Amino acid sequence: MRNGRLWPVHLVLAVGAAAMVIPFFWEVLTSLKTFTESTRVPPTWIPSFQWSNFTRVLDSTPFAQQFGNTVVMTVVRTLAQLLFCSLAAYAFARLRFPGRNVIFVLLLSVLMVPDQLFLIPQYQIIKGLDLLNTLPGLFLPGMFSAFGTFMLRQFFMSLPGEIEEAARLDGANPLRIFWSVMLPLARPGLLAFGVLTVLWSWKDLMWPLVVNTDPEKMTLSAGLAALHGEHVTEYPVLMAGSLMATLPIIVVFVVLQKQLIQGIAFTGSK
C-alpha cells in the first residue's frame, strides 16, 4: 500500500531522469551521423556509425594538449579550493574573532554577484601579471570560492565540539586541531565539495575562452567552441568532441557519486 502511494514520486523522478538522459543519448547518436543525417528533418534515429568523426576531432584541434590543460586547471583549482576554503570555513565555524559574522556576510554577498561582472577586473589583473595565454592564467582566479567556504563551514559546524575541546586540552593549537582532528572528520564534505569543484572547473567556458586565445593553451570547452563554423557547423564532429570531453567527468561522477550524496547530506544537517 505504501509503495502504491509513491508512484507519483517515481513518475516525477522518471521524467526528470529522462530529461537528463535524452540530450546525452542524442549527443551519442549525432556523433555517429553524417552531416546530412544530423540536419535531416524528420531526424535520423539510426546513424550510419561514422567513427571517423572522432578522428576528425583530433585532426581539427590540438585535443591532447587541450585535454592536458583542462586536467591541470581542474586539479590545481580543486586542490587549492579544498585547502583555502577549508581553512576559511574552519575559521568562520570554530574560531572567535572580532567582526567574524560581518566578514562572513560580506563573503556570502559575493554569491549574489554574477560571475560576468568579475570578468573584466580578473582579465586586467591577469594581463597586468603578464599571464595571458598561460596555464597559471587559467587557474589562478578559480583557486578560492565563497560557495566552498559556505558549504564547508556548514559541515564544520555539524561536527561535535567535544572532540575539538579534547584536542585543545591536550595542548594542540588551532592549526594543529584543524589539520589533525577536524580536517579528517570533514572528509565526506571535502569529497562532495571536491567533486562539485571538478565538475565546475571541467566545464568552465567563459574564463578560458577569454584569457587564452592560443589553441595550444585553451581548455577542452574553449577548444570545442572553436569548432563552431562561421557559416556551417559540423554537428557530428562537434558532438564527437563533446562526447570525448564529457566521458572523463562522467567516470569521476559515477565513481564518487556515493561520497557526493553523503557529503551534501551531512552538510545540510545543520
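Bear in mind the structure is a predicted one, so any value in this text is a computation, not a measurement. Along the sequence shown, residues carry numbers from 1.
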Engineer: So does G142 get a backbone contact from the side chain of Q81, meaning a donor-acceptor N/O pair under 3.5 Å?
Structural biologist: yes

Engineer: For R77, enumerate each residue passing the side-chain hydrogen bond (donor to acceptor under 3.5 Å, both in side chains) test, keeping only those at least two apart in sequence or located in another chain.
Structural biologist: D204

Engineer: Members other than V110 in its cluster, when Ile, Leu, Val, Met, Phe, Trp, Tyr link by side-chain heavy atoms under 4.5 Å?
Structural biologist: V113, L117, F118

Engineer: So, using side-chain hydrogen bond (donor to acceptor under 3.5 Å, both in side chains) as the criterion, who are the partners of E165 when residues are at least two apart?
Structural biologist: R168

Engineer: Can any side-chain N or O of T30 pair as donor or acceptor with the backbone N or O of M239 at less than 3.5 Å?
Structural biologist: no

Engineer: Under the side-chain contact (heavy atoms from CB on, under 4.5 Å) criterion, do V254 and I250 qualify, and how do the steps go?
Structural biologist: CA-CA 6 Å; V254 170; I250 291 177; 4.2 Å; yes

Engineer: Verify, without hydrogens or angle tests, whether T44 (side chain) and P47 (backbone) share a donor-acceptor contact under 3.5 angstrom.
Structural biologist: no

Engineer: Is there a side-chain contact between T34 and P236 in this structure, where contact means two heavy atoms from C-beta onward sitting under 4.5 Å apart?
Structural biologist: no

Engineer: Applying the side chain to side chain contact (heavy atoms under 4.5 Å, CB included) test to W207, which of L119, D115, T219 qualifies?
Structural biologist: L119

Engineer: Keeping the roles fixed (side chain from T55, backbone from S52), state whether a donor-acceptor pair exists under 3.5 Å.
Structural biologist: yes

Engineer: I'd like to check V251 versus V255 (side-chain heavy atoms, cut-off strictly below 4.5 Å). Are they in contact?
Structural biologist: yes

Engineer: As an exercise, state the distance from CZ of F54 to CG of L32, rounded to the nearest 0.5 Å.
Structural biologist: 5.0 Å

Engineer: Any side-chain heavy atom of K127 sitting closer than 4.5 Å to one from L132?
Structural biologist: yes

Engineer: Taking D214 for its side chain and N133 for its backbone only, find out whether a donor-acceptor pair lies under 3.5 Å.
Structural biologist: no

Engineer: Does the side chain of R100 reach to within under 4.5 Å of the side chain of I103, using non-hydrogen atoms?
Structural biologist: no

Engineer: Donor-acceptor pair, distance only, cut-off 3.5 Å: does the side chain of N212 make one with the backbone of L138?
Structural biologist: no

Engineer: Can you check whether W202 reaches P248 side chain to side chain, under 4.5 Å on heavy atoms?
Structural biologist: yes

Engineer: Within the side chain of T74, is there an N or O that forms a donor-acceptor pair under 3.5 Å with the backbone of V71?
Structural biologist: no

Engineer: Between E164 (side chain) and I177 (backbone), is there a donor-acceptor pair under 3.5 Å?
Structural biologist: no

Engineer: Rounded to the nearest 0.5 Å, what separation is found between the CZ atom of F147 and the SG atom of C85?
Structural biologist: 10.0 Å

Engineer: State which residue, out of F156, F84, F155, fulfils the ring-ring contact (aromatic ring centres under 6.0 Å, His included) condition with Y90.
Structural biologist: F156

Engineer: Is the side chain of S60 donor-acceptor paired with the backbone N or O of V57 at a distance under 3.5 Å, no angle test?
Structural biologist: no

Engineer: Has the side chain of N69 got a donor or acceptor atom that lies under 3.5 Å from a matching backbone atom of Q65?
Structural biologist: yes

Engineer: W26 vs W45 aromatic rings, parallel, tilted or perpendicular, using cut-offs 30° and 60°?
Structural biologist: perpendicular

